[in-house]
Amino acid sequence: KHLNIFLKEVELLRPSTILALGWDAYHLLWQTPELSSILNRAWFDRVWHFGTVRHGMRAEFQARLRRAIIAARNRDSQ
């Protein structure tokens, strides 16, 4: 059920960039056949999972996420 809702959201939004929060999300997205055409046309990147904040990595997590978002915006504006 969750996958169907997610797929419908992706179909409606047609994202130019998808950021996977962590390795598990990254691998799960690549292993979802229904997403293959979307992942092939969108920029797909992995960033740290927000759980790293618990391990004293808040500043680095924020910096990495900020860089990924800025890079996505720059790609979209070209």
Side-chain angles (χ1 to χ4, degrees):
K1 181 176 178 177
H2 295 290
L3 177 60
N4 290 335
I5 292 170
F6 176 68
L7 292 173
K8 186 64 175 173
E9 289 174 338
V10 170
E11 178 186 328
L12 291 171
L13 295 173
R14 299 177 49 107
S16 60
T17 301
I18 298 173
L19 297 177
L21 295 177
W23 280 112
D24 290 342
Y26 184 83
H27 291 296
L28 180 63
L29 289 170
W30 272 119
Q31 293 174 10
T32 306
E34 298 89 344
L35 291 175
S36 62
S37 65
I38 295 162
L39 296 177
N40 287 333
R41 77 166 189 274
W43 184 266
F44 185 51
D45 199 6
R46 182 192 67 83
V47 295
W48 282 359
H49 186 272
F50 57 85
T52 58
V53 171
R54 290 189 304 244
H55 303 287
M57 308 287 281
R58 180 180 178 182
E60 182 65 17
F61 169 76
Q62 289 175 335
R64 287 173 179 248
L65 188 55
R66 196 171 290 114
R67 283 193 302 267
I69 292 169
I70 290 169
R73 285 183 180 165
N74 289 339
R75 278 190 303 275
D76 284 346
S77 66
Q78 293 177 353

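- Taking OG1 from T32 and CG from L28, the interatomic distance works out to 4.5 Å, rounded to the nearest 0.5 Å.
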Could you give the side-chain donor-acceptor pairs of residues 16-23 under 3.5 Å, partners two or more places apart or in another chain?
from : atom 1 : to  : atom 2 : distance (Å)
S16  : OG     : D76 : OD1    : 2.7
S16  : OG     : D76 : OD2    : 2.8

In residues 62-69, what donor-acceptor pairs under 3.5 Å come from side-chain atoms, sequence neighbours left out?
from : atom 1 : to  : atom 2 : distance (Å)
R64  : NE     : E60 : OE2    : 2.8

Derivation and outcome, side-chain contact (heavy atoms from CB on, under 4.5 Å), residues L29 and F6: CA-CA 11 Å; L29 289 170; F6 176 68; 3.8 Å; yes
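- Counting non-hydrogen atoms of neighbouring residues, nucleotides and ligands closer than 6.0 angstrom, the CZ atom of R75 exceeds 12 such neighbours.
- Residues that satisfy the salt bridge (Lys or Arg N to Asp or Glu O under 4.0 Å) test with E11, not counting sequence neighbours, are K8.
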